[in-house]
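Chain identifiers are assigned alphabetically (A, B, ...) following the order of the sequence lines, protein sequences preceding nucleic acid strands; residue numbering begins at 1 within each chain.
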Amino acid sequence: MGSDNDKHGGTEATGPSHFIRDIIRQDLRAGKNGGRVATRFPPEPNGYLHIGHAKSICLNFGMAEEFGGTCNLRFDDTNPDTEEVEYIEAIEADVAWLGFDWGDRLYHASDYFDQLHEYAIQLIETGKAYVDSLSGEEIKHYRGDFYTPGKESPYRNRTVEENLDLFERMRAGEFDEGEHVLRARIDMQSPNMNMRDPILYRIRKKPHPRTGDAWCIYPMYDYTHCLSDAIEGITHSLCTLEFEDHRPLYDWVLDQLPVPCHPQQIEFARLDLTYTITSKRKLKQLVEEGHVKGWDDPRLPTLQGLRRRGVPPAAIRNFCDRVGVSKADNRVDIALLEHAVREALDKHAPRATGVLRPLRVVITDFPEDQVVQVEAPVHPKDPSFGTRTMPFSRVVYIERDDFMEDPPRKFRRLAPGREVRLRHAFVIKCEEVVKHAGTGEIVELRCTHDPSTLGSNPADGRKVKGVIHWVSAAHALEAEVRLYDRLFTVPDPAGHKKTDFRTFINPDSLEVLTGCKVEPGMADAPPETRYQFERLGYFCTDRHDSRPGHLVFNRIVTLRDTWAKIARQQGKQAR
RNA sequence: UGAGGAGUGGUCGAAUUGGCAAGACGUCUGGCUCUGAACCAGAAGAUUCCAGGUUCGAGUCCUGGCUCCUCAGCCA
């Protein structure tokens with residue numbers, strides 16, 4: 001069984017190079033940073049991680065590992081308004097689950113609050129920062145806009161002593177939120193809005209998840225991030241494109257202060273996926289409005305959702321390697337993720353039988369009381385998985401889809417008068433279709449079997465075209481199966497200016513099937529056990545709802561389904 | 001009317017110093033098969049955003065345009 005902890009199965013193959021790898025290589029060749037590579041993954045603990053974060057995690061940890069460096073996990077926890085320990089814990093669990101190890105390098109920006117405060121005082125002393133007493137509204141007006149240069153605040157030229165005094169009193173809690181802020185003194189005329197005297201500290205009279213009541217002033221991202229990087233000795237500070245405009249400020253702050261090093265910020269394009277959304281705000285909306293059942297709903301691209309769905313972490317790592325790293329906006333086809341999932345699972349998932357929509361089949365020429373234990377490989381391509389046995393008896397269930405009374409062309413399954421192979425067992429022939437007297441619904445098939453076909457082809461050399469799966473009615477386990485499909489019906493649900501993304505929610509993204517029949521060998525499957533249900537897809541026992549005696553399976557992904565494609569085309573032609 | 005980025009098959013994405021436009025996913029064919037899976041073999045699909053220019057030769061260099069993305073939180 002594919003262990004989730006086999007760290008790097010699937011990421012071995014170093015894909016084609018990308019510009020960040022090239023930069024690091026060049027830096028190493030040039031002897032920069034003393035040959036060191038140090039990265040970090042810096043989440044803000046105000047939400048759950050999703051597939052987009054996975055790209056960043058894989059990149060940061062991946063570069064460190066590739067070049068013999070280190071990657072820190074650092075929480076960017078500078079805003080007590082929105083951040084919670086619950087998220088901190090979930091994020092740590094997610095990164096670990098993904099397969100990365102930060103060793104003893106778990107940090108928080110809040111670890112540096114004292115140092116940051118010290119640096120702020122230095123900035124004030126060197127005239128690079130000042131306390132502004134404009135209101136929020138005024139600051140906004142003074143800042144100007146894209147086309148209008150900003151105006152300097154009347155408080156911009158306070159003396160160092162006055163600034164020091166005010167800042168100290170801000171820290172001491174003498175003022176209310178919004179009364180004063182600490183600002184960098186840069187350039188109100190700058191065409192880059194980030195350089196128009198950005199705010200460094202604001203007053204927030206909120207307890208912090210980690211520092212409690214120790215502070216009532218909190219540093220802003222732009223000030224905190226670069227300094228945290230420098231304090232940790234980060235060499236390459238990888239972030240997404242929207243921070244490109246912030247780089248001059250990142251560099252400016254570091255240039256003003258006696259920091260131990262000056263990390264290089266490099267921006268790359270964030271990952272977007274078709275048929276889903278990754279915006280924190282929209283994810284939150286889906287959860288809170290009940291369109292999905294929580295942050296770990298298996299339809300969500302959150303790491304928790306993917307995990308619950310049954311996606312192996314190695315598949316996510318592999319996927320992240322394949323999407324590449326560039327600066328172009330992109331939307332990766334979710335089929336690539338599905339491919340990575342199938343690839344990982346094909347290799348590692350034991351095979352099993354599950355009948356989702358059972359149709360009763362009576363083998364009329366099979367003795368009532370006889371049970372044959374048929375043997376089947378657990379993994380047809382990997383003998384090390386061993387074999388299993390499945391009981392075969394007079395009454396079995398097959399998939400309703402595997403029988404058609406009036407089959408179309410190319411249908412290779414069961415139909416009146418036709419033969420089909422029951423996988424790993426006998427060839428059977430459909431002799432009679434029994435229907436409900438009132439509704440006309442097919443309730444049972446009556447078939448005969450060829451006793452010579454267990455483990456061998458028909459002696460007379462006739463070809464049996466179809467193979468279908470089955471499970472013995474007397475021995476089958478009952479199970480609930482949750483069929484998941486894409487959450488949205490369009491590739492870019494958030495990209496329609498005039499239409500809210502919620503209108504594209506796929507009404508069939510979840511179908512719950514009860515009364516499914518699965519082979520008895522799965523009776524003791526613990527939660528988070530993955531199988532391939534042959535001919536159907538990959539399934540995983542639900543983390544929370546499944547237990548031995550009460551099996552609940554999530555469909556991770558279907559197998560590639562050529563027949564579905566043919567049927568679709570035939571349907572189209574018929575129309 | 002500002003600044004910073006980005007444009008390569010349907011989707012991602014490669015392409016030393018300018019030298020035959022990789023690869024993957026997807027699509028389509030065929031083969032194999034006790035999973036219509038997997039696997040194997042093959043195919044189609046590209047005026048490299050546009051227009052000029054330099055050059056024996058341009059995705060790459062130059063000029064001019066076009067389109068898209070990001071930025072006006074005391075969020076990150």
So what does [X] hit on the nucleic acid, given a heavy-atom distance under 4.0 Å: a base, only sugar-phosphate, or nothing?
X	result
A:Q532	base
A:K565	sugar-phosphate
A:A376	nothing
A:R412	base
A:F411	base
A:R413	base
A:V464	nothing
A:R322	sugar-phosphate
A:G455	base

Reading 5' to 3' through nucleotides 70-76 of chain B, protein heavy-atom contacts under 4.0 Å coded B for base, S for sugar-phosphate only, - for none: BBBSBSB
Of A:F426 and A:G324, the one whose closest RNA chain B nucleotide lies more 5': A:G324
Aromatic [Y] / basic [X] pairing, under 6.0 angstrom, 45° off normal:
X	Y	value
A:R486	A:Y275	yes
A:K327	A:F268	no
A:R423	A:W470	no

Give the rounded distance in Å between these two atoms: [atom1] of [X] and [atom2] of [N].
X	N	atom1	atom2	answer
A:Q265	B:rG5	CD	C1'	13 Å
A:M390	B:rU35	CE	C1'	12 Å
A:D346	B:rC40	CG	P	11 Å
A:L336	B:rU27	CG	P	12 Å
A:L414	B:rG36	CG	P	14 Å
A:F319	B:rU11	CZ	P	16 Å
A:E399	B:rU35	CD	P	17 Å

Side-chain heavy-atom pair A:F19, A:I266 within 4.5 angstrom cut-off: yes
Salt bridge check, [Y] against [X]: does any charged N sit closer than 4.0 Å to a carboxylate O?
X	Y	value
A:D187	A:R196	no
A:R413	A:E399	no
A:D132	A:R183	yes
A:D81	A:K206	yes
A:D561	A:R568	no
A:E177	A:R204	yes
A:R247	A:E267	yes

Span that lies between the P atom of B:rA44 and that of B:rG7, in whole angstrom: 28 Å
Pairwise C1' distance for B:rG42 and B:rG4, with rounding to whole Å: 46 Å
Output the single nucleotide from [options] whose closest atom is nearest the side chain of [X].
X	options	answer
A:L559	B:rU35, B:rA6, B:rA24	B:rU35
A:N330	B:rC12, B:rA37, B:rG36	B:rC12
A:E244	B:rC69, B:rC25, B:rG4	B:rG4

Those residues of residues 47-60 of chain A lying under 4.0 Å from RNA chain B by at least one heavy atom: none
For [N], does either OP1 or OP2 sit under 4.0 Å from a side-chain N or O belonging to [X]?
X	N	value
A:R535	B:rG36	yes
A:H339	B:rC25	yes
A:Q189	B:rG2	no

